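Working notes, structure below.
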Amino acid sequence: MKIYDWPTGPYPARVRIALGEKSLQSQVQFVTIDLWKGEHKQPEFLAKNYSGTLPVLELDDGTFIAECTAITEYLDALDGAPILTGRTAREKGVIHMMSKRAELELLDAVSVYFHHATPGLGPDVELYQNPEWGFRQRDKAVRGMRYFDGVLRRQPFVAGEYFSMADITVIGGLIFAELVELPVPAECDALLSWYARMQERSSVKNRLAISEPAAALA
Ligand code: GTS
């Protein structure tokens with residue numbers, strides 16, 4: 001399998017964490033697409049993913065799978081023992097709902113803030129910006145942080161009792177928030193202590209190391 005990504009990107013982080021959780025790192029070859037040069041908007045890449053976003057998984061039969069949720073579902077199903085996307089119908093429904101909510105209320109909102117109300121990827125890549133929309137989405141993201149803080153006051157993980165894709169999506173949101181210097185409100189102590197715990201997981205800690213050549217890791 002190949003994964004096209006930008007190693008430090010928050011969305012790519014989601015798939016890198018999923019690979020770590022499933023111990024699939026050695027089965028993937030990474031191809032870097034330079035976001036800052038706009039390589040993801042060039043026809044060669046758009047032919048792989050119409051949306052012009054990263055990451056994209058390419059299977060050995062030439063199938064391309066984009067969208068972090070879809071890639072995670074694929075990776076999780078490979079060994080017939082899903083641990084990230086739910087084992088029962090109930091788990092699958094709740095995890096999907098919470099992951100979608102983490103995209104809508106947090107991660108995608110931070111992303112819109114970055115692309116619209118900050119210089120984003122620079123003038124050559126950001127061809128249309130709407131700062132007012134960006135700032136609204138920034139405020140939405142902070143509201144999302146408060147929502148997930150409330151969730152994590154009641155349960156240890158975003159979708160309940162187990163680590164899942166929904167945790168990974170919130171982690172992606174907080175990685176992006178750090179990059180754009182959007183702090184989690186100090187009173188969101190449940191979210192902050194959950195995030196400190198998440199950063200101790202090896203899949204999260206080692207997500208950048210997994211695409212380095214073996215020699216560089218020695
Ligand atoms: N819905 C997509 C998914 O879940 O995979 C969104 C993917 C996405 O926005 N990826 C970012 C991207 O390609 C990568 S990163 O910002 O996290 O590194 N952004 C570039 C752009 O121009 O939108």
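Predicted, not measured: the structure shown is a model, and the values here were computed from it. Atom set for the values below is all heavy atoms of this structure, side chains included, hydrogens, waters and symmetry mates excluded. Index from 1, following the sequence.
Counting only distance, with no hydrogens or angles, the side chain of Gln129 and the backbone of Thr118 share a donor-acceptor pair below 3.5 Å. In this structure a side-chain-to-backbone donor-acceptor pair under 3.5 Å is missing from Arg138 to Ala117. In terms of modelled atom types and a separation under 3.5 Å, the side chain of Lys140 and the main chain of Leu104 share a donor-acceptor contact.
For Glu187, the CD atom is densely surrounded, since the number of other residues' heavy atoms within 6.0 Å is greater than 12. Surrounding NZ of Lys37 are at most 12 heavy atoms belonging to other residues, nucleotides or ligands under 6.0 Å away. Surrounding OH of Tyr147 are more than 12 heavy atoms belonging to other residues, nucleotides or ligands, all under 6.0 Å away. The local environment of CZ in Arg136 is sparse, with at most 12 non-hydrogen atoms from other residues, nucleotides or ligands closer than 6.0 Å.
With sequence neighbours excluded, no residue satisfies ring-ring contact (aromatic ring centres under 6.0 Å, His included) with Tyr50. Applying the side-chain contact (heavy atoms from CB on, under 4.5 Å) test to Ser26 and every residue at least two apart in sequence or in another chain returns nothing. Scored by the side-chain hydrogen bond (donor to acceptor under 3.5 Å, both in side chains) test, Glu126 finds His115 as partners (sequence neighbours excluded).
Classification of the Phe114-Phe176 ring pair by plane angle, with boundaries at 30° and 60°, yields tilted.
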List the atom pairs, with distances to 0.1 Å, where a side-chain N or O of residues 163-170 and a protein N or O form a donor-acceptor pair under 3.5 Å, not counting sequence neighbours.
from   : atom 1 : to     : atom 2 : distance (Å)
Ser164 : OG     : Ala166 : N      : 3.1
Asp167 : OD1    : Val158 : N      : 3.0
Asp167 : OD1    : Trp194 : NE1    : 3.0
Asp167 : OD2    : Ser164 : N      : 2.9
Thr169 : OG1    : Arg14  : NH2    : 3.3
Thr169 : OG1    : Ser99  : OG     : 2.8
Thr169 : OG1    : Met165 : O      : 2.9

Next on the checklist: For a side chain to side chain contact (heavy atoms under 4.5 Å, CB included) check, start with the C-alpha distance between Leu57 and Phe64, then their side-chain angles and the critical distance, and finish with the verdict.
Outcome noted: CA-CA 6 Å; Leu57 171 69; Phe64 292 104; over 6 Å; no
Next on the checklist: Please evaluate residues Tyr74 and Thr63 with respect to the criterion side chain to side chain contact (heavy atoms under 4.5 Å, CB included), reporting the C-alpha separation (whole Å), side-chain torsions for both, the decisive distance (0.1 Å), and the verdict.
Outcome noted: CA-CA 12 Å; Tyr74 175 84; Thr63 303; over 6 Å; no
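Side chains of Leu84 and Leu75 form no contact here, defined as non-hydrogen atoms less than 4.5 Å apart. In this structure, the side chains of Leu78 and Met1 come closer than 4.5 Å at one or more pairs of heavy atoms. Side-chain contact between Gln25 and Asn206: absent, with no pair of heavy atoms (C-beta onward) separated by less than 4.5 Å. Contact check for Glu39 versus Tyr4: no side-chain heavy atoms found under the 4.5 Å cut-off. Counting heavy atoms from C-beta on, the side chains of Ile33 and Lys48 never come closer than 4.5 Å.
Tracing side-chain contacts under 4.5 Å through hydrophobic residues (I, L, V, M, F, W, Y), one never reaches Ile175 starting from Leu208; they form parts of separate clusters. One hydrophobic cluster, built from ILVMFWY side chains closer than 4.5 Å, holds both Tyr11 and Tyr195.
Taking 4.0 Å as the cut-off between side-chain N and carboxylate O, Asp139 and Arg143 do not count as a salt-bridged pair.
Sorted by first and then second residue, the salt bridge (charged side-chain N to carboxylate O under 4.0 Å, His left out) pairs involving residues 69-89 (not counting sequence neighbours) are Lys22-Asp76, Lys22-Asp79, Arg87-Glu91.
The two residues Ser51 and Glu67 make their nearest non-hydrogen contact at OG-OE2, 4.4 Å.
Expressed to the nearest 0.5 Å, how far NE2 of His116 lies from OH of Tyr128 amounts to 6.5 Å. With rounding to the nearest 0.5 Å, the separation of CD in Gln199 from CD1 in Ile171 is 8.0 Å. For the atom pair CD of Glu58 and CG of Asn49, the computed distance is 12.0 Å after rounding to the nearest 0.5 Å. To the nearest 0.5 Å, atoms OG1 (Thr53) and NZ (Lys41) are separated by 6.5 Å.
Residue Trp133 shares its hydrophobic cluster (ILVMFWY side chains chained together at separations under 4.5 Å) with Val112.
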